[in-house]
Amino acid sequence: MFDLGLLNRILRAPAGVAAQCRDDRDVAAIARTALVTLAVAATAFGAAVGSWRGGVQVAFSALKMPLGILGTLALAAPAFYVLAAIFGRPWALRPVFSLVLAAGARFALVLLAMTPVLWLTINFGTHYEAIKVIATIAYGLAGLAGLEVLVRGLEGGAGKRLTLGLFVVVFLLIGAQNAWVLRPYLGTPGITEVKLFTRDREGGLVVQLLQTIGLMERERTTSTPSTPGTDR
Amino acid sequence: MMESTAATLDVEPERSDVDVPPQAAPVASWTERLLDPKGVVRPPGPKIALEWGREARRLLVAFGLASLFGVALGLRVGGASMAVHALGVALGFAAVCGLAVPALAIILTLFDAAIDALGLARATARAAAAAGLLLAGLAPGIALFALTVEDAITVTLVGSLGLALAGAVGVRSFVLALAPQLRGSDARAMRLSWVALPLFLVFAAVLGARIWWVSLPLLRGG
């Protein structure tokens with residue numbers, strides 16, 4: 001059911017696991033182990049993020065984090081499948097999806113390793129903005145670790161960089177929108193009300209990015225600090 | 001009979017692969033058969049009608065895959081909008097295949113380029129298949145944006161990016177498929193073809209974009 005040895009191999013020798021996925025060998029076991037790992041690690045990371053607010057927010061974030069990560073993988077995996085096919089690797093669906101899941105498991109394991117670091121930082125009463133940065137760094141590091149499985153999985157040959165580059169863009173866009181839909185994870189400083197989902201109209205991801213850029217520009221010219229004031 | 005067998009064994013005593021079943025040839029995946037990059041340079045078989053039928057089917061599958069992207073876009077409004085956007089996305093590709101490619105065929109023939117109608121059809125069908133496949137792969141992500149973003153500008157932006165990327169992928173596939181065929185032309189024809197091709201690509205891009213602008217209300221922020 002759950003293969004600890006596989007997790008060891010995913011961390012130590014991603015190339016071997018990637019080759020196993022590509023060759024369509026025992027991919028059901030890889031999928032099972034990856035899904036369980038993703039769910040457990042994301043729940044733990046979510047709980048750590050939610051601990052900044054504490055109370056019921058811990059449970060809300062622990063519930064939403066796996067939903068966000070698994071949802072992003074489910075929506076982005078078809079894009080990886082078609083990008084690989086178009087740029088010279090027209091593989092069957094199962095090897096490609098198992099490769100994505102193996103990458104997801106490696107991502108989840110690194111996220112799990114970062115969980116105590118994040119929790120301890122929050123426990124020390126670190127500033128809200130610093131916690132956001134640390135959580136983002138944890139996500140980034142985990143993402144890079146996961147990406148290595150895909151890099152090994154695609155092997156050499158033409159079109160590899162294009163496939164990976166485009167997939168990363170698609171994955172980040174879908175991941176950002178998914179995270180936006182499921183916000184808040186941390187909560188907002190000064191607001192004590194705890195919500196499962198924010199349903200205030202805040203314009204969406206692109207509008208928020210544009211607003212933030214505008215704000216930074218205004219702050220640069222007037223030197224008057226302010227914040228967008230949205231739930232994170 | 002026994003002597004003959006023994007003689008055979010004497011001659012080839014080290015053949016150990018007799019009991020090993022022959023390895024099955026790897027089965028081509030669905031995407032491999034759809035994109036079939038090697039098929040572009042394959043010489044035409046004896047039954048040309050079959051080949052035309054195969055390319056027509058490939059084109060229809062491409063339109064069907066592309067229309068999934070339209071369905072995903074149309075989810076924002078729901079109902080008939082899904083059908084309108086599905087048709088709209090497929091229409092953009094159909095316009096390029098039905099209007100721009102025949103124009104290119106005439107120009108290339110005028111330049112006496114070494115390309116035939118079937119070769120051009122193969123390149124066109126594969127380009128449409130690559131673009132359609134990409135759009136189908138992006139459709140789940142687009143559906144997320146269409147259903148969850150509050151502002152229309154994000155859907156317009158992401159939808160346009162997806163269509164532009166598919167267009168670029170189609171162009172890449174078309175050029176890759178056509179280049180080996182054009183190499184058989186004489187120097188003058190090849191020079192002229194390489195002038196005509198970029199102009200065609202610009203025209204195809206503008207035509208596709210115009211059709212999508214007219215037929216996809218969500219691209220206009222509607």
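All chains are named by letter (A, B, ...) in the order of the sequence lines, taking the proteins before the strands, and each is independently numbered beginning at 1. What you see below is based on every heavy atom in this structure, not just the backbone, and it leaves out hydrogens, waters and symmetry mates.
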Quiz item: So which part of B/Leu35 gets closer than 4.5 Å to some heavy atom of chain A, the side chain, the backbone, both or neither?
Solution: side chain
Quiz item: So with a 6.0 Å cut-off around CZ of B/Arg210, is the heavy-atom count from everything else above 12?
Solution: no
Exercise. Return yes if some donor-acceptor pair links the side-chain N/O of B/Ser173 with the main-chain N/O of B/Gly170 below 3.5 Å, else return no.
Key: no
Quiz prompt | Value rounded to 0.5 Å, distance of CZ in A/Phe87 from CG in A/Leu166 | solution = 5.5 Å
Quiz item: Rounded to the nearest 0.5 Å, what separation is found between the CG atom of B/Leu161 and the OG1 atom of B/Thr156?
Solution: 11.0 Å
Quiz item: Side chain, backbone, both or neither: which part of B/Leu165 has a non-hydrogen atom closer than 4.5 Å to chain A?
Solution: side chain
Quiz item: Side chain, backbone, both or neither: which part of B/Arg33 has a non-hydrogen atom closer than 4.5 Å to chain A?
Solution: neither
Quiz item: Who among B/Thr31, B/Leu34, B/Ile142 has the most heavy-atom pairs with chain A under 4.5 Å?
Solution: B/Thr31
Exercise. Select one option (side chain, backbone, both, neither) describing which atoms of A/Ala85 are under 4.5 Å from chain B's heavy atoms.
Key: both
Self-check item: Carboxylate-amine/guanidinium contact A/Glu155 A/Arg89, below 4.0 Å
Solution: no
